[in-house]
Amino acid sequence: MRDVRGGGAHGAGLTLFRWPQWLAAMARVLCLAACMALLPGAAQAQAASGNEQDNQLGGEPGAGADATACAPRIISVQAARAPHGARPTEGWVTVTLPEVWTRRWPGYGGSAWYRIDWQRGCAGAAGPLALGIDGISVAGEVYINDELLWRDASLAEPLSRSWNVPRWWLLPESALQAGVNTVWVRAVGPAALSPGLGAVRLGDARTVAEEQRHSQWRQRTVYLINAVVCAVSGALFLLAWLLRRREAEGPGYGWFGLMALAWLAYLTTYLADTQWPWPDSITRSRFGMVALVSYVLCACRFTFSFGGQRLPWVRRALWLGAALGVAAVVFAPAATAGAWFGWVWQLAMAVFLANCLQFQWHAWRPRPGGRRPGHMLLALAWLVFLVVALFDFLAVLDRWQVARNWAALSGLLGGQLVQHMGSVERFNRDLEEGVAKARAELAAALAREHAQALQTAKLHERMQLAHDLHDGLGASLVRGLALVEQAKAPLPNERVLSILKVLRDDLRQVIDHGSSAGATVPDTPVQWAAPLRHRFTRLLDEMGVASSWHIAPQWRERPSALQCLGLTRLVEEALSNVVKHSRARHLRVDCVQPQPDTLVVRVQDDGVGFDVPAVQRAGVSVGMRSMAARAERMGGTLTIESGPGGTVMSVSLLLKQ
């Protein structure tokens with residue numbers, strides 16, 4: 001049976017492969033050799049299919065004429081213009097279905113009648129007969145002889161839409177007559193929308209119903225499935241764009257979502273059976289062309305975003321071309337809208353195919369770091385479009401099937417993109433696992449650093465305790481030993497008890513300094529220096545060392561409690577050194593604040609002195625190291641100057657305001 005399609009509502013249709021041809025196209029994409037091998041096979045299959053269709057239609061008897069001898073046989077098909085809608089009595093011309101009458105009557109729109117004369121092949125053939133029509137562009141009515149079989153709901157604007165709706169009817173036996181019967185079909189459509197009549201089939205009910213099922217699949221179901229896929233893809237990718245629009249892939253998601261929605265809008269041209277919400281057929285067709293232009297624009301922008309192509313001039317040209325295309329289809333005069341629609345459709349397809357072609361170079365060209373799998377996948381998808389388009393335009397020239405091809409492949413691309421998103425999600429999961437592993441390693445490293453820091457803190461605490469013992473309790477022991485050794489007579493019990501109490505107080509200070517919780521700042525510098533002065537004055541007097549203390553009466557800026565404790569230890573060490581090593585006769589202690597935020601304590605004697613650099617280089621003086629470390633911890637500086645005339649120890653603290 002001849003596979004004839006009705007006239008398109010947009011005047012420039014797209015075509016779709018049958019599934020075997022589509023699979024052959026996919027195979028050709030993957031293997032060029034197979035492509036060359038399969039093309040002749042596909043052509044033979046097409047030819048065989050055409051012969052079979054001819055036999056079933058009954059127009060020209062062929063090799064299978066014997067097998068269809070009892071099938072209804074069409075004698076002639078004629079058409080005539082009917083400007084007023086009534087069935088004309090003259091002007092009939094022989095036509096071949098399917099047909100678009102504007103190829104014969106350019107610019108003519110309105111009504112036309114088709115007369116199909118036929119007769120039964122065998123007298124007394126059993127079983128009911130049926131009539132099937134693939135579509136009437138744009139609306140129409142059907143008669144068997146003079147009996148009405150079916151009529152569209154509206155034969156005036158807004159017209160019903162039957163151009164892509166296959167229908168079939170059982171022919172009532174009462175309406176048939178012996179000899180020649182006639183099927184009358186009235187088609188109504190504007191000239192811009194390629195009006196005409198689609199495929200017509202006559203035969204037994206079972207055969208026509210089976211053909212009807214195939215037509216329903218090709219003309220309705222495939223589009224419906226693709227519409228659902230486009231709607232879901234559009235919503236999914238736009239949601240992905242909303243969630244990830246700040247990421248590098250965000251624009252690609254957005255453009256693909258818009259592309260899917262634009263194609264969904266264009267599919268309404270094939271699926272809608274009314275003009276709603278548009279007032280007439282031309283307006284609906286304009287909407288369909290705008291949707292097609294938007295689809296091409298979004299597809300190109302999606303390709304650029306997905307492939308990381310900047311192409312600023314090409315993008316501007318695309319926007320300009322899209323604006324001009326939309327303006328052309330929107331403002332085209334109704335009388336010439338068909339031609340305008342055709343030009344815009346061809347230019348849009350040329351842009352689309354150019355985009356598919358340029359991406360092949362972008363995806364497959366060598367580059368630093370290697371080709372990206374995602375780019376190659378998209379390039380393969382676009383390559384399928386190229387092959388399908390070339391095959392359709394150069395071999396089949398059945399432009400009505402392109403739309404179904406592209407609709408199905410759009411769904412294929414959406415599926416591939418969903419798979420790509422799945423790969424991205426898997427990459428994200430791997431990345432999360434990597435981050436978790438790195439976080440665990442970092443936590444382990446931090447734990448090790450914490451343990452090391454804790455060990456260092458313990459070591460530091462031990463060193464500080466050693467310094468405190470050395471400067472405090474140790475200094476008191478040294479003083480006590482010196483007092484006992486240098487005493488000319490055994491010391492009385494009271495004196496020994498006093499020395500032991502001093503040692504107890506020093507040990508308590510070491511303990512208090514370790515906690516530092518109960519440490520307080522004396523009210524005046526005099527109160528701070530009083531314990532030191534009390535401890536050392538008697539010892540110095542007994543050793544014959546004259547001491548003088550010059551202490552500021554008031555704080556200009558208070559030091560902290562820790563600074564007071566540290567300064568006490570430091571001065572104790574300095575005075576102990578005077579007692580142990582200096583052999584001095586005079587000692588002077590100064591505590592002044594030359595600046596409000598600076599506290600200076602100076603211990604000066606006239607003893608024998610020592611070589612300060614030599615002692616520092618030797619590193620044998622625990623006392624000097626302890627004093628220097630303590631001054632540094634207090635935020636101060638320690639200076640020791642010594643020579644044959646004596647030694648001066650000076651510490652300067654910077655007080656916080």
Please indicate whether [X] has more than 12 foreign heavy atoms, meaning atoms of other residues, nucleotides or ligands, lying under 6.0 Å from its [atom1].
X      : atom1 : value
Arg372 : CZ    : no
Arg206 : CZ    : no
Arg316 : CZ    : yes
Trp168 : CH2   : yes
Arg310 : CZ    : no

Within the side chain of [X], is there an N or O that forms a donor-acceptor pair under 3.5 Å with the backbone of [Y]?
X      : Y      : answer
Arg151 : Gly140 : no
Arg284 : Trp276 : yes
His362 : Gln309 : no
Arg161 : Ala272 : yes
Gln360 : Ala379 : yes

| Plane angle bin for Trp105 and Trp101 - parallel if under 30°, tilted between 30 and 60°, otherwise perpendicular | tilted
| request: Over 60° means perpendicular and under 30° means parallel, so classify the ring planes of Phe385 and Trp382, tilted if in between. | output: perpendicular
Qualifying residues under side-chain hydrogen bond (donor to acceptor under 3.5 Å, both in side chains), relative to [X], sequence neighbours excluded:
X      : value
Arg186 : Ser111, Glu141
Arg213 : Glu210
Asp280 : Thr283
Gln216 : none

What is the minimum heavy-atom distance between [X] and [Y], and which atoms define it?
X      : Y      : value
Ala187 : Ile136 : CB-CG2, 3.6 Å
Phe304 : Arg315 : CB-NH2, 3.6 Å
Leu258 : Cys298 : CB-SG, 3.7 Å
Leu159 : Ser281 : CD1-OG, 3.7 Å
Arg220 : Pro166 : CG-CD, 4.0 Å
Leu261 : Cys230 : CD2-O, 4.5 Å

| Honestly, is Arg81 close enough over Tyr108, meaning NZ or CZ under 6.0 Å from the six-membered ring centre and within 45° of the axis? | yes
Spacing of [X] atom [atom1] and [Y] atom [atom2] [to the nearest 0.5 Å]:
X      : Y      : atom1 : atom2 : answer
Tyr223 : Leu267 : OH    : CG    : 8.0 Å
Asp134 : Glu211 : CG    : CD    : 9.0 Å
Asp273 : Ser160 : CG    : OG    : 8.0 Å
Leu97  : Ile74  : CG    : CD1   : 7.5 Å

| remark: The ring-ring contact (aromatic ring centres under 6.0 Å, His included) partners of Phe287 (sequence neighbours excluded) come to Trp278
Expected list for residues 327-344: side-chain donor-acceptor pairs under 3.5 angstrom, two or more places apart:
from	atom 1	to	atom 2	distance (Å)
Thr336	OG1	Trp340	NE1	3.4

| said: So if I apply the ring pair (Phe, Tyr, Trp, His ring centres under 6.0 Å) rule between Phe302 and each of Phe256, Phe237, Phe352, Trp255, which one comes out positive? | reply: Phe256
